[in-house]
Amino acid sequence: MLKIVESTNRRAVEALLSPERSRDAATDRRVATIVSDVRRKGDRALLKYAKSLDGLTGPIEISRPEMQTAAATVPKSVRAAIRAAARNIRAVATRQVPRSWRVGITAGVSVEQRVIPLDRVGCYVPGGRYPLPSSLLMTAIPAVAAGVRDVVAVCPRPEPVVMAAAIEAGVSRLFRLGGAHAIAALAYGTESVPRVDKIVGPGNRWVASAKALVASDCGIDFYAGPSEILLLSSNGDPAWIAADLIAQAEHDPDARAVLITPNRKLAAQVAAEVAARMPADGPARLSMKRHGGVIVTRSQAEAIALANAAAPEHMVVDDEATAVQIKCVGSLFVGSWTAQVAGDYAIGSNHVLPTAGAARVRGGLSAADFVRQVTVQRVTRAGLSRIGGSVIDLARAEGLHAHAESIVVRLGGSAGALSDGRRAKNRTRPKS
């Protein structure tokens, strides 16, 4: 069931580690129609799609009393688990908020960074095969920790456990909405759904396409494809590795689960464990058949190089010596006890992560995604006299003479008279 390939088989390695992510033109066209309808017609179109695609029968917004009543039906142990997970996520998110600072560049010149929370964000919570309270916690808690005053969540079919998570996370409003029409409503606003500054959270291909479409008008976190795990091990427990691969594969038939190892014996043992442990039904079997595998490398160094080139969403490594060599990954798990599944729920790290190689340029969702980092500059008369010559020279070098004149006029000269910008600082300018 779990194919084993040699690292020298470049085509097979490429298929496992660097799948081609092609856009579905038919989906994109349909999404464009839905988004346009909601943008133009507001609630009238939104309700039409919610009824036909989500099966909506009642109101689209869930009231606070309704949430509380539903949350009370959730088993106490699950509510306690939600509180524990939320506490850990909140602790990490609070440390992720960027700090304000101010630095003096030279006498009379300073630069300040102000960290200002976004006003309103939208959190998308999938409502497909399984209820996902963890996705709500992972998206809403960092926003609240960053100081966002209005956190709006949408989910096509929010189960009571999702409502319990919404209350714990501090969600302001919760809507029974999903798919492209929910993304459009958040991006542009309707009579019922407020427009947000940014949309975050995972979703299916309809959600991903809609997020990509509205990205020019509304901030998004990133394009999220099918989930991925890459285990890099030379001496791990075969049963534990197999369990981790199957756990990731059960997300979706398109999920990707791969082991890279220089240990040929371990590769065979893991393949046998996967076959023995595979569930009789569910998406894991199809996922492993399509996208699962083991790559046997000629050395540990080659294994590390392949792992970094893949830049996967999740990676699990044996030890710290390997961990320090990993540069491109959404979230890194070190040691056999650091199960990736624990990161999905309760470690405190975020499980909304870049996929399809996007970890080459960014990490996962964090509280920093929910703030504006505004630069504030202050320059005095004396400060401008110190840096003005450099500004004039650089502006003239670029052929932007009006830029240079903007400084020259302040320093009491003219662009023609101050052929050497550095002389400007010796000029006397009129009192302000």
Exercise for review: Evaluate side chain to side chain donor-acceptor pair (under 3.5 Å) for R386 paired with T106, printing each intermediate quantity in order.
Suggested key: CA-CA 8 Å; R386 288 183 174 85; T106 187; 4.6 Å; no
**Study point:** Pairwise side-chain contact, L231 with T261, heavy-atom cut-off 4.5 Å (strictly under)
**Key:** no
Review point. Does any N or O in the side chain of T139 come within less than 3.5 Å of the main-chain N or O of S135, such that one atom is a donor and the other an acceptor?
Key: yes
Exercise for review: Could you tell me which residues satisfy salt bridge (Lys or Arg N to Asp or Glu O under 4.0 Å) with D319, sequence neighbours excluded, listed by chain and number?
Suggested key: none
Review point. Taking the side chain from D43 and the backbone from L46, do they hold a donor-acceptor pair closer than 3.5 Å?
Key: no
Check your understanding: Would you say V121 and I199 make side-chain contact, with heavy atoms under 4.5 Å?
Key -> no
Donor-acceptor pairs under 3.5 angstrom involving side-chain atoms of residues 164-181: please list them, not counting sequence neighbours.
from	atom 1	to	atom 2	distance (Å)
S172	OG	D150	OD1	3.2
S172	OG	V151	N	2.9
R173	NE	E61	OE2	2.9
R173	NH2	E61	OE1	2.7
R173	NH2	S192	O	3.3
R176	NH1	P59	O	3.1
R176	NH2	E66	OE2	2.2
H181	ND1	G178	O	3.1
H181	NE2	D54	OD2	2.8
H181	NE2	G178	O	2.8

Check your understanding: Between L137 and A85, what is the shortest heavy-atom contact and its length?
Key -> CD1-CB, 4.2 Å
Review point. Does a side-chain N-to-carboxylate-O contact under 4.0 Å join D369 and R362?
Key: yes
Exercise for review: Give a yes or no answer on whether the side chain of T355 reaches the backbone of G225 with a donor-acceptor pair at less than 3.5 Å.
Suggested key: yes
Review point. Going by distance alone, is a donor N or O of one side chain under 3.5 Å from an acceptor N or O of the other, for Q248 and D244?
Key: no
Exercise for review: Measure the spacing between CD1 of I304 and CD of Q300 and express it to the nearest 0.5 Å.
Suggested key: 4.5 Å
Review point. Any donor and acceptor pair, going by atom type alone, linking the side chain of S287 with main-chain N or O of P283 inside 3.5 Å?
Key: no
Check your understanding: Are any of the side-chain heavy atoms of F370 and L365 separated by less than 4.5 Å?
Key -> yes
Point to revise | Nearest heavy atoms of S234 and N263, plus distance in Å | key: O-ND2, 2.9 Å
Review point. Sub-3.5 Å donor-acceptor pair from the side chain of E14 to the main-chain atoms of R10, do we have one?
Key: no
Exercise for review: Search all heavy atoms of V97 against all heavy atoms of A145 and return the closest pair with its distance.
Suggested key: CG2-O, 3.7 Å
Review point. Under 3.5 Å, is there a donor-acceptor pair between the S110 and Q377 side chains?
Key: no
Review point. Judged by atom type as modelled, is there a donor-acceptor pair below 3.5 Å linking the side chain of R372 to the main-chain atoms of P117?
Key: yes
Practice item. Give a yes or no on whether the backbone of D119 and the side-chain of D197 come within a donor-acceptor separation of less than 3.5 Å. Key: yes
Point to revise | Check ion pair R114-E112 (N to O, under 4.0 angstrom) | key: yes
Exercise for review: Could you tell me whether the side chain of H291 and the main chain of R256 form a donor-acceptor pair under 3.5 Å?
Suggested key: no
Review point. CG of D252 to CZ of R290: how many Å apart, nearest 0.5 Å?
Key: 9.0 Å
Review point. Below 4.0 angstrom, N of the basic side chain to O of the carboxylate: do K198 and D221 qualify?
Key: no
Practice item. Indicate yes or no: at least one non-hydrogen side-chain atom of V115 is less than 4.5 angstrom from one of R99. Key: no
Point to revise | N308 (side chain) donor-acceptor with Q325 (main chain) under 3.5 angstrom | key: yes
Study note, to complete from the structure: In this structure, CD1 of I89 is separated from OG1 of T94 (nearest 0.5 Å) by 11.5 Å
Revision key, fill the gap. Separation between CD1 (I34) and CZ (R39), nearest 0.5 Å, reads 15.5 Å
Check your understanding: Say you draw a straight line from CE of M315 to CG of L230; how long is it, rounded to the nearest 0.5 Å?
Key -> 5.5 Å
Practice item. Answer yes or no: are there more than 12 heavy-atom neighbours, outside W337 itself, under 6.0 Å from its atom CH2? Key: no
Review point. Counting only heavy atoms not in R95, do more than 12 fall under 6.0 Å of its CZ?
Key: no
Check your understanding: Is there a side-chain contact between R205 and D28, using heavy atoms and a 4.5 Å cut-off?
Key -> no
**Study point:** Minimum heavy-atom distance C218-A187, with the two atoms named
**Key:** CB-CB, 3.9 Å
Check your understanding: Side chains of Y188 and V214: does their closest heavy-atom pair fall under 4.5 Å?
Key -> yes
Review point. Is there a side-chain contact between R79 and P75 (heavy atoms, below 4.5 Å)?
Key: no
Review point. Donor-acceptor pair, S406 side chain versus A402 backbone, under 3.5 Å?
Key: no
Review point. Would you say V109 and I387 make side-chain contact, with heavy atoms under 4.5 Å?
Key: yes
**Study point:** side chain to side chain donor-acceptor pair (under 3.5 Å) evaluation trace for S331 with E313
**Key:** CA-CA 6 Å; S331 193; E313 179 185 19; over 6 Å; no
Point to revise | Spatial distance of atom NZ (K41) from atom OH (Y49) [nearest 0.5 Å] | key: 7.0 Å
**Study point:** Step-by-step side-chain contact (heavy atoms from CB on, under 4.5 Å) determination, V258 to V294
**Key:** CA-CA 6 Å; V258 177; V294 182; over 6 Å; no
**Study point:** Contact summary for V38 and A185, nearest pair of heavy atoms
**Key:** CG1-N, 3.8 Å
Review point. Do other residues, nucleotides or ligands put more than 12 heavy atoms under 6.0 Å from E320 CD?
Key: no
Check your understanding: Between E159 and P131, what is the shortest heavy-atom contact and its length?
Key -> CG-CB, 3.6 Å
Practice item. Take I241 and L245 through the test side-chain contact (heavy atoms from CB on, under 4.5 Å) and record every step on the way to the result. Key: CA-CA 6 Å; I241 292 172; L245 292 170; 4.1 Å; yes
Review point. Among all residues two or more places apart in sequence or in another chain, which pass the side-chain contact (heavy atoms from CB on, under 4.5 Å) test with S216?
Key: none
Review point. So T297 and L306, side-chain contact (heavy atoms from CB on, under 4.5 Å) or not? Walk me through it.
Key: CA-CA 9 Å; T297 61; L306 283 175; 3.8 Å; yes
Review point. Would R44 and D37 satisfy salt bridge (Lys or Arg N to Asp or Glu O under 4.0 Å), going step by step from the backbone distance to the final call?
Key: CA-CA 9 Å; R44 183 156 57 93; D37 277 354; over 6 Å; no
Review point. Given the rule in the side-chain contact (heavy atoms from CB on, under 4.5 Å) test, do R120 and L118 qualify, once you have shown the distances and angles that lead to the verdict?
Key: CA-CA 6 Å; R120 182 184 292 122; L118 300 180; over 6 Å; no
